[in-house]
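Everything below concerns the one structure shown next.
All values reported here derive from a predicted model rather than from experimental measurement. Chain naming here is simple, since letters A, B, ... match the order of the sequence lines and numbering starts at 1 in each.
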Amino acid sequence: LRRGPDVDDAFWDDLEETLIVADMGPGAAADIVGDLRDVARREALPDAAAVIDRLVGAIAGRMPAAENDPLAEDPVTVLFVGVNGTGKTTSVGKIAAAASRSGRKVLLASADTFRAAAIEQLRVWAQRAEVPLVERERGSDPASVVYDALTEARRVGSDMVLVDTAGRLHTSKDLMEELRKVQRVAVAQSVHPVRSVLVIDATTGQNGLVQARQFHDALGLDGIVLTKLDGTAKGGIAVAISRDLGLPILRLGVGEAIEDMQPFDATEFARALVG
Amino acid sequence: NLSDRLQGVFAKLTGRGKLSEADVDAAMREVRLALLEADVNFAVVKEFVARLRERAIGAEVMKSLTPGQQVVKIVLEELTGLMGGTESRLAFSGRVPNVVMLVGLQGSGKTTAAAKLANLLRKQGRRPMLVACDVYRPAAIDQLETLGRELDIPVYRGEGSDPVAIARASLKAAVADMRDVVIVDTAGRLHVDEAMMDEAARIKTAVKPDQVLMVIDAMTGQDAVTAATAFAERVDFDGVIVSKLDGDARGGAALSVRSVTGKPIKFVGVSEKMDGLEPFHPDRMARRILG
Ligand SMILES: Nc1nc2c(ncn2[C@@H]2O[C@H](COP(=O)(O)OP(=O)(O)OP(=O)(O)O)[C@@H](O)[C@H]2O)c(=O)[nH]1
Ligand SMILES: Nc1nc2c(ncn2[C@@H]2O[C@H](COP(=O)(O)OP(=O)(O)OP(=O)(O)O)[C@@H](O)[C@H]2O)c(=O)[nH]1
Ligand SMILES: [Mg+2]
Ligand SMILES: [Mg+2]
């Protein structure tokens, strides 16, 4: 983004380009810049810096804060869902570690009974986070793993159950139905509230909004975890998801190590997005 | 979709005769919007619309009774042209074993693609071996070994945790086991991770692949070009596999990467299953991007 002081046509074009390249979507980018031009004129904003500050505020304002952070809820059962490869398993591991370190009694459920070595992958994370893992053999019904996990959670008195599910495309009717069944079983078996968190990759383009809508329609989501922000993608699609579906962004994934998960701060996120 | 939107733009024209500059502007705006919504790279869209405008003010549109349809036809033609040809054959040298190396960002589908590719090559009469060079991700080697077992294709995991050494040793292992092509699966890595990009370059130098393929997720947004350009500069690759095309992402990233790097798209991933790798069809991809 050009940082000269002048708020000329080139500046506004530059701004719109920055938002589009950040994956905010051409429609949202045009709306935001359009609104900002009106504000800049009406309020006679003095220079580019003043406009950028207002822009950061406008973007941050589009993302609702979490009135209730399911990842801080005590007690709670949380399902982690999303399309393939977004970072669900890794995020479950990181969140488990942080929660356990802060005194929560965490239990993990490996409900990805489909993909090669999915259970083994989560097992490593459970060991790293030093929390128990409930698993069944590959090919079992994921709902049955959830059932077992919640039974075990009651037995040992866990106050936080984190359920890793298989990646799935929202376009697969069968897999979305499987997920609804997993949720039904969780709700039936959990003595604690059941929440659903969508894990989305920061490199995702406009399809991310379609994904989120489908998962939200199927399950009713309670929040978003946005991963891979340590790359160059800005995760702008999360702004649209957050705003359009009224979902809070709960955490940001910023790397592959166990400590690489950060709390979400809207202003900080907006500032990084505008770059 | 774009057809409908352009019909809307040109609907007001009937009886007015010649298209005005404003009409062409409106049409170009719709095309730009459609392509950006499909995740085509910003710079690629800019260039594309500029070229399109040249054709849109030409006779083929201006003299047409259905200018909207004509613009759509031109857009499809131009997109298809940009997508490149159908080059789904992998070029191999005479050496033994041949080497294919897969690279890409985290979670793009490399490990799955490696196994699918091994399956495909075996169907073509080759004797493939999979090589597990991801020593970082928990159970990554497990994952490749499981897929290899299911396919009854050998997986070489080497000793120790140096991906360069593992890759190098795999060549000898392949010769000993009379395998004629090795497929090297590498760890997902960020193009801004200097050490990891350097590692990829070193693996490549160690085994001199016949083909380096970058695996790119079909749902990637504007970042696709940034990443692909960096991989092309730092590691260089010969072709692209676009994964997860069984979703409904429009796939503009594929066009962008092809257009900016010039690297052909060799295959597309269309399912999680081992037979889910298909040759790339540029015209189908163009139509998909247009929505
Ligand atoms: N750089 C970076 N990589 C990440 C981050 N989160 C996850 N990853 C990597 O992304 C890849 C995929 O992560 P997984 O946790 O297996 O993703 P998943 O959603 O469980 O994948 P499926 O279960 O196959 O759908 C792995 O290589 C992770 O190390 C992050 O915040 N930053
Ligand atoms: N639906 C669908 N899923 C796919 C496709 N290709 C890969 N996947 C899934 O995407 C997820 C990630 O695939 P991986 O092969 O583990 O990806 P990767 O690039 O090796 O990941 P890292 O090694 O962590 O960087 C898995 O859930 C795969 O089953 C595809 O073409 N279609
Ligand atoms: Mg997983
Ligand atoms: Mg892999």
Does any backbone or side-chain atom of B/Thr226 lie under 4.5 Å from a heavy atom of chain A? Answer side chain, backbone, both or neither.
side chain
Check whether B/Asn41 gets within reach of chain A through its side chain, its backbone, both or neither, counting any heavy atom under 4.5 Å.
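The answer is neither part of B/Asn41.
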Side-chain heavy-atom pair A/Thr171, B/Asp246 within 4.5 angstrom cut-off
no
Are any non-hydrogen side-chain atoms of B/Pro138 and A/Arg128 less than 4.5 angstrom apart?
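Sidechains of A/Arg128 and B/Pro138: in contact.
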Minimum heavy-atom distance between [X] and [Y], given as atom pair plus value:
| X | Y | value |
| --- | --- | --- |
| A/Pro26 | B/Glu37 | CG-CG, 3.7 Å |
| B/Ala139 | A/Ala117 | O-CB, 3.7 Å |
| B/Leu36 | A/Gln206 | O-CG, 4.2 Å |
| A/Asn84 | B/Met219 | O-CE, 4.4 Å |

Who wins among A/Arg123, A/Gln211, A/Arg115 for the most heavy-atom pairs under 4.5 Å with chain B?
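Top option by heavy-atom pairs under 4.5 Å: A/Arg115.
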Does atom [atom1] of [X] have more than 12 heavy-atom neighbours from other groups under 6.0 Å away?
| X | atom1 | answer |
| --- | --- | --- |
| B/Asp152 | CG | no |
| B/Glu47 | CD | no |
| B/Arg122 | CZ | yes |

Hey, could you give me the CD1/CD distance between A/Ile20 and B/Gln222, rounded to the nearest 0.5 Å?
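Rounded to the nearest 0.5 Å, the CD1-CD separation comes to 7.5 Å.
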Could you give the distance from CE (B/Met196) to CD (A/Glu256), rounded to the nearest 0.5 Å?
7.0 Å
Only pairs at least two apart or in different chains count here, so list each salt bridge (Lys or Arg N to Asp or Glu O under 4.0 Å) that has a residue in residues 228-237 of chain A.
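Listed by first then second residue: A/Asp201-A/Lys228.
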Among residues at least two apart in sequence or on other chains, which ones pass salt bridge (Lys or Arg N to Asp or Glu O under 4.0 Å) with A/Arg62?
none
Top residue by heavy-atom pair count (under 4.5 Å) with chain A, among B/Arg250, B/Arg32, B/Arg137?
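Max contact count across the listed options: B/Arg137.
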For chain A, which of B/Thr111, B/Val225, B/Thr220 has the most heavy-atom pairs under 4.5 Å?
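Option with the top pair count is B/Thr220.
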Do A/Thr203 and B/Asp223 get their side chains close enough for a donor-acceptor pair, meaning under 3.5 Å?
no
Any side-chain donor paired with an acceptor under 3.5 Å for B/Asp248 and A/Asn207?
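A/Asn207 and B/Asp248 do have a side-chain donor-acceptor pair below 3.5 Å.
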What residues form a ring-ring contact (aromatic ring centres under 6.0 Å, His included) with B/Phe42, not counting sequence neighbours?
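Not a single residue meets the ring-ring contact (aromatic ring centres under 6.0 Å, His included) criterion with B/Phe42.
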Per-residue contact mode, A/Gln127 against chain B (heavy atom under 4.5 angstrom):
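Neither part, no heavy atoms under 4.5 Å.
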Tell me, side chain or backbone of A/Val21 under 4.5 Å from chain B's heavy atoms, or both, or neither?
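Looking at A/Val21, backbone and side chain both touch chain B.
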Return yes if some donor-acceptor pair links the side-chain N/O of A/Asp23 with the main-chain N/O of B/Gly221 below 3.5 Å, else return no.
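Answer holds: no.
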Heavy atoms under 4.5 Å from chain A: which residues of residues 140-151 of chain B carry them?
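At a heavy-atom separation under 4.5 Å, chain A is reached by B/Asp142, B/Gln143, B/Thr146, B/Leu147, B/Glu150.
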